[in-house]
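Before any comments, here is the structure.
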Amino acid sequence: MRGHAVLAVLGVLCVFPIYWLYATALRRPEDVYSQNPLPWPMSLLNVVDAAAKVDVVGLMVNTTAVALLTALGQLLTALLAAYAFAAWRFPFQRLLYLAFIGTWLVPFQVTMLPNYSLLLQLGLLNTLAGVVVPNLCSALGVLLLRQHLDSFPKELLEASAMDGRSSWTTLWTVVVPNVRPALAALSILLFINAWNEYFWPAMVLQRSNAVIQLGLRSFMGTEGNDWGPLMALAGLACLPIFALYLVLQRHIVHAFVRSGLK
Amino acid sequence: MFVELAPPVTAPVGHGSSTGPAGPGPVVHTARPARVRRLLHAVVPYLYVAPALVLLVVWTYRPLVQTAQLSFYSWNLLPTSPAVPVGLANYERLFELPDLGDSVGRTVVLILALLPFSIVVPVLVGLLTREVRGRAAVVYQAMVFAPMLVAPVASAAVWQWLLDPGSGVVNRVLGTSTNWLNDSSTAQLAIIVITGWHVLGFAVLIVSAGLAGINGDYADAAAVDGATRSQITRRITLPLLSPTLVFLALMTVLLSAQWTFPLIDTMTQGGPADATTNIYYLLWDYSFRSFDAGLGAAAGMVLLVGFGAVATALVWLSDRLTFHDN
């Protein structure tokens, strides 16, 4: 019972701000300052209000595109690199692997200025491509997939090589089908990260109407006290992730836990 | 601690046309000279690593070197104005200004204040709730984990609303009228609590996973020998959990300032009176608000050395102090 009590209290504390976000968003505009724990009568007027002020659909489409492309790119580069690290032993392997791990010591703010000027030179500043391209390699992805592939039965790789299959064919016909759960979990994790990313889009995109996190921020700056529409937009910014979570809860939790354990 | 080499593998050979740049056709490999084949064979793993590695070099290591160079120049970010070499002047200025020391101090406070959220409470919760299983556990897990999924800007928005001095829930519940985010004595506390709210559920999950991975036989054996519950916890469970704890500490140190950045940028902009300017925000401020690229770069280099030292120390500690259940 003690365990249940502790977890229930903690769970309620954790969920309350999220509940309040949606509760406020769903109140009638004249009830926004109400402290009634139940948003009743409910209304979607705040959502309508937010949608009138920013292009919600456009923001969602852009953010989805950026998050999908980033996650897919990271998944692909990580899969190829992790396959190499797990399937072969080659000179400088350890050093190369450390180069991936080492990126965790390099905070984003240390590299932002040269990256910013490179994007400028490439003409990618202010474009969605400029948000995606610098983020196509995920050290976390390489690390997690390598852990999975290391436990992949080597006999299967050998058997595939003896069948005369190339390493490329082996990767796609033997390895990938067998680690599909790990790939799925990792891709969800990468998608969530990309969806919630704030720092880099804020630097690259001057237009505030490009991705949802920036649209939300511009809303906060100008109409900080218009709580109803602000909560509606914030709620919309989180909605796809929560929906994904409700559907795929077990996989997402496993992905996060695995990302935490070396 | 991070690197474990794979056991020796007989490599799958890249025979097909898709791997080797010189592969003229799918079935001609028997005709290829042995030396060329060996060379191709040796190159194959590098080809797979190449895409990720190139991205890493272009977007992490190249800019790192450039930042190091930039720290010896004076430049205001304008493409039209040249960067002037100034030797060590940026570093001298950096150490003369009080900003760096102050922001490092605030970063240390931030990290220490986050440790209860990322280690102490998760361990207590983990120990108290080991017997909770099944459907209830899944529901609790979903609840504590949910904040991790909230976008930082959205969480900044909702917390600003909760902390609103006039009609925010926090003041209503506490019966106060504190202006949490605009008062230099409470702004940092607010940032800490919000960040803690974000990471708590994640840390609880990690600790639970760590506890679940501990073999129950040790505790059973100790119990047979007459050990009490608290003795078992202190002498067996916590030492076996120590790799997880060191990992969480490492993560808190390396990522906490990073976690807080979006919150600070959207809620306080480093204020009031610099009360929430930590080292990451200072870097941003130097480069993109004061347009002093050289000073920003120098601060970045100092930060990198500092974090490198802390991380090395923690990895060393974890190798020395932790127990592995092999």
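So you know, we letter chains A, B, ... as the sequences are listed, proteins then strands, and number each from 1.
A:Asn196 contributes no side-chain N or O that, together with a main-chain N or O of B:Pro152, makes up a donor-acceptor pair within less than 3.5 Å. Put simply, the side chain of B:Thr67 gets close to the backbone of A:Val110: a donor and an acceptor are under 3.5 Å apart. The backbone N or O of A:Trp168 lies less than 3.5 Å from a partner atom in the side chain of B:Tyr48, making a donor-acceptor pair.
Applying a 4.5 Å heavy-atom cutoff, the residues of residues 233-241 of chain A that approach chain B are A:Ala234, A:Cys238, A:Ile241. Close approach to chain A, defined as a heavy atom under 4.5 Å from one of its heavy atoms, is seen in B:Gly300, B:Met301 of residues 294-301 of chain B, taken by number. Of residues 253-261 of chain B, those residues lying under 4.5 Å from chain A by any heavy-atom pair are B:Leu254, B:Gln258, B:Phe261.
In terms of heavy-atom pairs under 4.5 Å with chain A, the best-connected choice from B:Val310, B:Val139, B:Val138 is B:Val138. Per-residue heavy-atom pair counts under 4.5 Å with chain A were compared for B:Leu64, B:Leu56, B:Thr60, and the maximum is reached by B:Leu56. Top candidate by heavy-atom pairs under 4.5 Å with chain B, chosen from A:Val142, A:Leu79, A:Leu76, A:Val133, is A:Val133. Interface check for chain B: of the options A:Ala81, A:Pro107, A:Pro134, the most heavy-atom pairs under 4.5 Å are formed by A:Pro134. Among A:Pro91, A:Gly141, A:Ala159, the residue making the largest number of heavy-atom pairs under 4.5 Å with chain B is A:Pro91. Heavy-atom pairs under 4.5 Å with chain A peak, among B:Met143, B:His198, B:Gln141, at B:Met143. Ranked by heavy-atom pairs shorter than 4.5 Å toward chain A, the options B:Leu70, B:Asp265, B:Leu200, B:Val58 are led by B:Asp265. Ranked by heavy-atom pairs under 4.5 Å with chain B, the first of A:Thr103, A:Leu149, A:Leu21, A:Ile192 is A:Thr103. Annotation: maximal heavy-atom pairing with chain A below 4.5 Å, among B:Leu53, B:Val125, B:Thr129, occurs at B:Thr129. Put simply, of B:Arg62, B:Met148, B:Met267, B:Gln66, the one with the most heavy-atom pairs under 4.5 Å next to chain A is B:Arg62.
Between A:Thr111 and B:Trp59 the shortest side-chain heavy-atom distance does not fall below 4.5 Å. Inter-residue side-chain proximity for B:Trp161 and A:Leu230 is flagged as unmet; no heavy-atom pair is nearer than 4.5 Å. Using a 4.5 Å heavy-atom cutoff, the side chains of A:Phe100 and B:Val49 are in contact. Within the 4.5 Å cutoff, no side-chain heavy atoms of B:Tyr286 are placed close to those of A:Gln109.
Only the side chain of A:Phe16 comes within less than 4.5 Å of a heavy atom of chain B; its backbone N, CA, C and O stay farther away. Of the atoms belonging to B:Thr266, heavy atoms from both backbone and side chain fall under 4.5 Å from chain A. With a threshold of 4.5 angstrom between heavy atoms, B:Tyr281 does not approach chain A through any atom at all. For A:Met162, no part lies near chain B; criterion is any non-hydrogen pair under 4.5 Å. Both the backbone and the side chain of A:Gln213 come within less than 4.5 Å of a heavy atom in chain B. Both the backbone and the side chain of A:Leu105 come within less than 4.5 Å of a heavy atom in chain B. In this structure, chain A has heavy atoms under 4.5 Å from both the backbone and the side chain of B:Ala156. Within the 4.5 angstrom heavy-atom criterion, only side-chain atoms of A:Leu171, from C-beta onward, approach chain B. Using a 4.5 Å cut-off between heavy atoms, B:Ala146 contacts chain A through both its backbone and its side chain. Heavy-atom distances place the side chain of A:Leu118, and not its backbone, under 4.5 Å from chain B. A:Ala139 does not touch chain B: none of its heavy atoms, backbone or side chain, sits under 4.5 Å away. If you measure heavy-atom distances from B:Leu205 to chain A, the contacts under 4.5 Å come from both the backbone and the side chain. Only the side chain of A:Phe242 has a heavy atom closer than 4.5 Å to any heavy atom of chain B. Contact annotation for A:Val106: both backbone and side-chain heavy atoms come within less than 4.5 Å of a heavy atom of chain B.
Atom CZ of A:Phe92 sits in a sparse spot, with 12 or fewer heavy atoms from other residues, nucleotides or ligands closer than 6.0 Å.
With sequence neighbours left out, B:Tyr46 forms a ring pair (Phe, Tyr, Trp, His ring centres under 6.0 Å) with A:Phe90.
The OG atom of B:Ser167 lies 8.0 Å from the CH2 atom of A:Trp227; values are rounded to the nearest 0.5 Å. Taking OH of A:Tyr198 as the reference point, atom CG of B:Leu263 lies at 10.0 Å (rounded to 0.5 Å). How far CH2 of A:Trp20 is from CH2 of B:Trp159: 13.0 Å, rounded to the nearest 0.5 Å. B:Phe145 contributes atom CZ, which lies 9.0 Å from atom CD of A:Gln249 (distance to the nearest 0.5 angstrom).
Shortest non-hydrogen contact noted between B:Pro51 and A:Leu80 is CG-CD1, 4.1 Å. Listed here is the closest heavy atom pair of B:Val132 and A:Gly3: CG2-C, 3.7 Å. Nearest heavy atoms, A:Pro17 versus B:Val158: O-CG2, 3.4 Å. Heavy atoms only, all atoms of each residue included: A:Leu113 and B:Ala293 are closest at CD2-CB, 3.4 Å. Nearest approach of A:Met203 to B:Phe288, heavy atoms of both residues: CE-CZ, 3.4 Å.
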